[in-house]
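As structure tokens, the structure follows; a few thoughts come after it.
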Amino acid sequence: MAPVGTASNFDNAALQARQRLQGAAGPMALVRNAKVFGIACFACLGGLLYGYNQGVFSGVLAMKNFNKHMGVYTSDQTKKGWLTSIFELGAWLGTLYSGFLAEILSRKYAILINTGIFIIGVVIQTTGVTSAGASSILGGRFITGMGVGSLSMIVPMYNAECAPPEVRGGLVGLQQLAITTGIMIAFWIDYGTNFIGGTGDSQSEAAWLVPLCLQLAPALILGIGILFMPFSPRWLVHHGREAEARKTLASLRGLSSDHELIELEYMEIRAQSMFEKRTVAEHFPHLADGSAMSTIKLQFVAVASLFKSKPMLRRVALATITMFFQQWTGINAILYYAPQIFGGLGLSSTSTSLLATGVVGIVMWLATFPAVAYVDKLGRKPILISGAIGMGACHLIVAGIMGSFQYDWPHHVGAGWAAIVMVWLFVVFFGYSWGPCAWIVIAEIWPISQRPYGIALGASSNWMNNFIVGQVTPDMFTGITYGTFILFGILIMMGAAFIFFFFPETKGLSLEEMDILFGSVGVAAADAERMREINREVGLDNAVRNASVDHTSGLEKPVLDEKIAHTDSD
């Protein structure tokens, strides 16, 4: 099992106090936090854009009129891979600048800017109907990918920073629910528009232009609506807008500004922010003036710092390797090339393949709901492990069926449908596990000052591996056929082992308490002393002392006083 950081007496007392005040996790916690839930749902329109763009292109690739306009880019398997994967390459670039944008301009305005980038990319794609053809699709998908890649990092960060600990996992997991909703909608829109003008040579250009244009609607709603959403309270505190942060925090929780829980959560956020600023002032005094240029320079310092200590390196490894395994589950190979895969499993008709692809969207969407409702109750680790084992088994079964009957599907129709059912079941396992939980993990494990860059690093790993999978999948299906499923199956089984041995459970902890879990609080004596001074300065030690008294459990105030008094010796 993975080692975890040892919490001080003060940290343990703070955790006990919050757990008493915040209530239990689970579906009812979402009801208690209805306002935060609504804001998170709206912000997740960014995930809807991601999912829709993922799903829509698999159906478009199968349409005859689109193939006419693209020429060699759909007949040559390597070029076909580029037509698909250029989106992921743009998304990878988007993750690289997203951390800087989110820190300098706020999570809120970063979402607005990237929505604008997404819209520009979609408009360029629609010019593919002209003689520009593949060039417009390539350029438009790259720009659209930039916006989506940045949103894929910023939206879960925004939701994580607005959410209370007991529903944080569920609200961050909404990102995956939004993605699967977008995929499902796109698959069925593709299935419907495929019949515009007929499915043969007479097919209309509208068959693929309509689904591409429709993604502008949620983008415009997100771009306008985000102007009315609150700033992240943690970003506000970190940028000196403390009164606004406290007011926003109280509004998000539906409590008064002087409520005990608001007081405790606000002081923890403020103490962590002060600690990070003072640490920067000590180590990089020339960059501590808060100017825009110093902030930009500090971004590079923050990224470099992720690799300079063992606790932070553990977080880097967890985020990047988790996202590596998420992509090499083969999920995006299926989402991007589902009609081709189902055709290879015996469904010769394009319409029937698109229909089977539509079922993929439905089962993935349905499978995401349990994760949103129960991830904070069951924990991340068991969900990830069970999902990986299930996906690996499905891949190996499909490989066995395909290896036995791929050259004679007409005489083994039942075997073909059995393989298709295994693909659908694979999507179920992914939908409740690695889909939402991987994003939850990379959104919640970082300290305030390094969260934008840590999430960007994890998302960068996601998109780079996504790009590689999208690029090589057409050639893999052509060259090694059923060996593709064997490769995916072995890799995700390795992912299950990685989670079992190296992943520390993170459910129920506040964002600030992640430092405890990864052993980066109090590692150096100077840092520990600075944190103690700040706790006393902001009054957090008194707040914990008062909030933690629970007479029903027999825990008396003198006991807590003794615990906190021993903090200096930890």
Open item on the list: By the definition side-chain hydrogen bond (donor to acceptor under 3.5 Å, both in side chains), identify the one residue from Asn67, Thr193, Asn194, Asn65 that meets it with Gln203.
Closed with: Asn194
- [ ] Check the angle between the aromatic planes of Phe485 and Phe477 and answer parallel, tilted or perpendicular using the 30° and 60° thresholds.
- [x] tilted
- [ ] Identify which one of Trp463, Trp328, Phe324 satisfies the side-chain contact (heavy atoms from CB on, under 4.5 Å) criterion when paired with Ile468.
- [x] Trp328
Task: Residues, nucleotides or ligands: over 12 heavy atoms within 6.0 Å of Tyr482 OH - done: no
- [ ] Assign the ring pair Trp208 / Phe66 to parallel, tilted or perpendicular, where the plane angle (0 to 90°) is split at 30° and 60°.
- [x] perpendicular
Open item on the list: Let me confirm one number: the CE-OG1 distance from Met476 to Thr484, rounded to the nearest 0.5 Å.
Closed with: 4.0 Å
Open item on the list: Is it true that, when you exclude Met493 itself, more than 12 heavy atoms of the residues, nucleotides or ligands shown sit nearer than 6.0 Å to its CE?
Closed with: yes
- [ ] Would you please classify the geometry between the Phe325 ring and the Trp434 ring as parallel, tilted or perpendicular, with 30° and 60° separating the classes?
- [x] perpendicular
TODO: Classify the ring geometry between Trp188 and Tyr191 as parallel (under 30°), tilted (30 to 60°) or perpendicular (over 60°).
DONE: perpendicular
Task: Approximate separation, where rounding is to 0.5 Å, of Leu93 CG and Ser460 OG - done: 9.5 Å
Task: Audit row: Gln125, Thr144, side-chain hydrogen bond (donor to acceptor under 3.5 Å, both in side chains) steps and yes/no - done: CA-CA 9 Å; Gln125 285 182 66; Thr144 300; 3.1 Å; yes
Task: Face-on cation placement of Lys381 at Phe503 ring, 6.0 Å and 45° thresholds - done: no
- [ ] Measure the shortest side-chain to side-chain distance between Tyr97 and Asn114 over non-hydrogen atoms and say whether it is less than 4.5 angstrom.
- [x] yes
Open item on the list: Could you tell me if the side chain of Leu216 sits less than 4.5 Å from the side chain of Ile119, heavy atoms only?
Closed with: yes
Task: Any Arg141 side-chain heavy atom under 4.5 Å of Ile124 side chain - done: no
